[in-house]
> 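Handing you a structure now.
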Amino acid sequence: MAYFKVAFGFLVTAFLSAAVSLAHPGLGFGWGGVGAPGGQSGAPSYGLFPQFYQFSCPQAEDIVMSVLEKAIAKEPRMAASLLRLHFHDCFVQGCDASILLDNSATIVSEKNSLPNRNSVRGFEVIDEIKARLEEACPQTVSCADILAMAARGSTVLSGGPSWELPLGRRDSKTASLSTSNNNIPPPNSTLQNLITFPTCATFKQRLYNQNGNNLPDQTLERTYYYGLKSVCPKSGGDNNISPLDFGSPVKFDNLYFKLILWGKGLLNSDEVLLTGNVGNTMELVKAYAKDENLFFKQFAKSMIKMGNISPLTGFNGEVRKNCRLVN
């Protein structure tokens with residue numbers, strides 16, 4: 001599924017950004033939380049462990065998967081949208097479910113940020129999971145953990161890997177519209193923000209004026225280029241759509257990386273994973289295109305690491321009764 005595969009590109013860049021933030025602490029990516037043992041290696045943060053709900057809500061995972069199975073069967077793209085919610089939550093204030101908060105007298109919702117507005121979705125699925133969990137285990141399972149479980153479950157239900165998921169996050173009482181605007185790349189930046197069916201406006205420059213010389217991006221494979229031109233004319237048609245991954249749009253596999261090698265990556269941020277000369281992304285693209293199991297393994301490890309960004313644990317935060325509102 002394109003969403004998941006581009007998500008890994010997002011993770012690669014995010015981890016490079018995190019390395020920069022370690023040298024410049026003011027940038028504030030709190031990998032693993034303050035004082036968390038092994039936070040940089042992807043080990044569970046202090047207070048997070050897979051058996052967190054073993055006694056307080058042993059049916060939690062079954063409830064999450066039951067709702068996900070129904071939602072994804074109805075609309076396969078929902079799996080990718082739920083994964084994206086977890087991303088857009090963790091890269092703002094940490095994995096604290098701040099993205100789920102609606103506007104209120106005290107909250108300015110992150111849902112209205114430029115990367116999120118009219119774009120992120122899946123909130124109703126999270127609402128249903130939360131309602132089911134509140135019936136079974138009142139005020140026990142946090143919305144932040146629901147996002148993490150939904151991301152993993154969505155990956156598995158789309159044919160991707162599973163991973164041992166550390167749990168025990170608590171929910172933020174605040175949101176940050178400004179951080180959401182600043183920390184999540186928009187579609188036309190160096191790494192786009194995981195739009196499953198991008199509009200022409202997000203890649204039209206590649207077709208007609210890539211380097212300001214009124215010429216197309218020479219890295220595009222010719223047949224693919226002409227196909228895109230037929231969908232996206234030079235004038236108008238900005239809202240026409242094209243799939244990121246036309247080969248396996250609802251399956252979690254490694255075709256995304258093969259498409260990049262074949263010159264068929266849709267967005268500039270796809271192509272720069274191969275040609276951008278940042279870190280070792282070129283080698284990663286080639287390795288993942290060759291070995292799907294390697295991609296699955298690394299994706300799972302990366303998801304664990306991302307889920308450890310600045311979690312609220314212990315007596316910090318709260319467990320919301322309604323994921324859209326503070327208690």
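This is a predicted model, so every value here is computed, not measured.
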> Shared ILVMFWY cluster between V141 and V319, side chains joined below 4.5 angstrom?
no

> How far apart are the closest heavy atoms of Y208 and C232, and which atoms are they?
OH-O, 2.5 Å

> With rounding to the nearest 0.5 Å, note down the distance linking OG in S172 to CD in Q93.
4.5 Å

> Side chains of K301 and W163: does their closest heavy-atom pair fall under 4.5 Å?
no

> Tell me which pairs pass salt bridge (Lys or Arg N to Asp or Glu O under 4.0 Å) where either residue lies in residues 147-161, with sequence neighbours left out.
E61-R152

> Got a sec, which residues hit side chain to side chain donor-acceptor pair (under 3.5 Å) with E75, two or more places apart in sequence or on another chain?
R121

> What distance separates K111 NZ from L85 CG, expressed to the nearest 0.5 Å?
9.0 Å

> Apply side-chain contact (heavy atoms from CB on, under 4.5 Å) to residues L165 and F52 and explain how you reach the verdict.
CA-CA 10 Å; L165 180 62; F52 190 85; over 6 Å; no

> Using side chain to side chain contact (heavy atoms under 4.5 Å, CB included) as the criterion, list what pairs up with L261, not counting sequence neighbours.
L274, V285, K286, A289

> Please determine, by modelled atom types, if S98 and E110 share a side-chain donor-acceptor pair under 3.5 angstrom.
yes

> Answer yes if L325 and I126 sit in the same cluster of Ile, Leu, Val, Met, Phe, Trp and Tyr residues linked by side chain heavy atoms under 4.5 Å apart, and no otherwise.
no

> So which heavy atom on P161 is nearest to which on V156, and how close?
O-CG2, 3.6 Å

> Could you tell me whether a side-chain N or O of N316 sits under 3.5 Å from a main-chain N or O of T313, the two making a donor and an acceptor?
yes

> Side chain to side chain contact (heavy atoms under 4.5 Å, CB included) with L215: which residues, sequence neighbours excluded?
N213

> Please name all residues satisfying side chain to side chain contact (heavy atoms under 4.5 Å, CB included) with A136, sequence neighbours left out, ordered by chain then number.
Q59, I63

> For I99 and L147, what are the C-alpha separation, side-chain angles and deciding distance, and is it a side-chain contact (heavy atoms from CB on, under 4.5 Å)?
CA-CA 10 Å; I99 194 172; L147 284 175; 4.2 Å; yes

> If you measure from OH on Y53 to CG on L133, what distance do you get to the nearest 0.5 Å?
9.0 Å

> Closest approach of I129 and I146, non-hydrogen atoms and distance?
CG2-CG2, 3.7 Å

> Distance check, rounded to the nearest 0.5 Å: T155 atom OG1 versus H86 atom NE2?
9.5 Å

> Among pairs that include at least one residue of residues 135-148, which meet salt bridge (Lys or Arg N to Asp or Glu O under 4.0 Å), considering only residues two or more places apart or in two chains?
D145-R169

> Could you state the interatomic distance from SG (C95) to CG (D171), rounded to the nearest 0.5 Å?
11.5 Å

> Determine yes or no for a side-chain-to-main-chain donor-acceptor pair under 3.5 angstrom, with S158 supplying the side chain and S154 the backbone.
yes

> Check step by step if side-chain contact (heavy atoms from CB on, under 4.5 Å) holds for R117 and L114.
CA-CA 6 Å; R117 187 186 309 153; L114 292 176; 3.8 Å; yes

> Which hydrophobic side chains are connected to V108, either touching it within the sub-4.5 Å cutoff or through other members that do?
L177

> Using modelled atom types and a 3.5 Å cut-off, is there a donor and acceptor pairing between side-chain atoms of D89 and backbone atoms of D96?
yes

> Check whether the side chains of N116 and S113 place a donor and an acceptor atom closer than 3.5 Å, and report yes or no.
yes

> Could I get the full list of side chain to side chain donor-acceptor pair (under 3.5 Å) partners for E134, not counting sequence neighbours?
K130

> Under 6.0 Å between ring centres: does that hold for F252 and F295?
yes

> Between Y288 and Q298, does a side-chain contact (heavy atoms from CB on, under 4.5 Å) hold up when you go through it step by step?
CA-CA 9 Å; Y288 299 148; Q298 294 297 326; 3.5 Å; yes

> Do F91 and L312 belong to the same hydrophobic cluster, where Ile, Leu, Val, Met, Phe, Trp and Tyr are linked whenever their side-chain heavy atoms lie under 4.5 Å apart, directly or via other members?
no

> Working to the nearest 0.5 angstrom, can you tell me the gap between L255 CG and W262 CH2?
5.5 Å

> Considering non-hydrogen atoms only, spot the tightest contact between L83 and A151 and give its length.
CD1-CB, 3.8 Å

> What pair of heavy atoms forms the shortest contact from L48 to P311, and how long is it?
CD1-CG, 3.8 Å

> Could you list the cluster mates of V326? Members are the ILVMFWY residues connected by side-chain heavy atoms closer than 4.5 Å, either directly or through other members.
L101, I107

> Verify, without hydrogens or angle tests, whether R170 (side chain) and G317 (backbone) share a donor-acceptor contact under 3.5 angstrom.
yes

> Has E164 got more than 12 heavy atoms of other residues, nucleotides or ligands less than 6.0 Å from its CD?
no

> Taking E292 for its side chain and D253 for its backbone only, find out whether a donor-acceptor pair lies under 3.5 Å.
no

> For N327, is the CG atom crowded, meaning more than 12 foreign heavy atoms sit under 6.0 Å from it?
yes

> Listing request: all salt bridge (Lys or Arg N to Asp or Glu O under 4.0 Å) pairs with a residue in residues 311-327, at least two apart in sequence or in separate chains.
D102-R324, D127-R324

> Which pairs, with at least one residue in residues 118-162 and sequence neighbours excluded, count as a disulfide bond (SG atoms under 2.5 Å apart)?
C57-C137, C143-C323

> Table please: side-chain donor-acceptor pairs of residues 64-74 below 3.5 Å, with sequence neighbours left out.
residue : atom : partner : partner atom : Å
K70     : NZ   : E128    : OE2          : 2.8

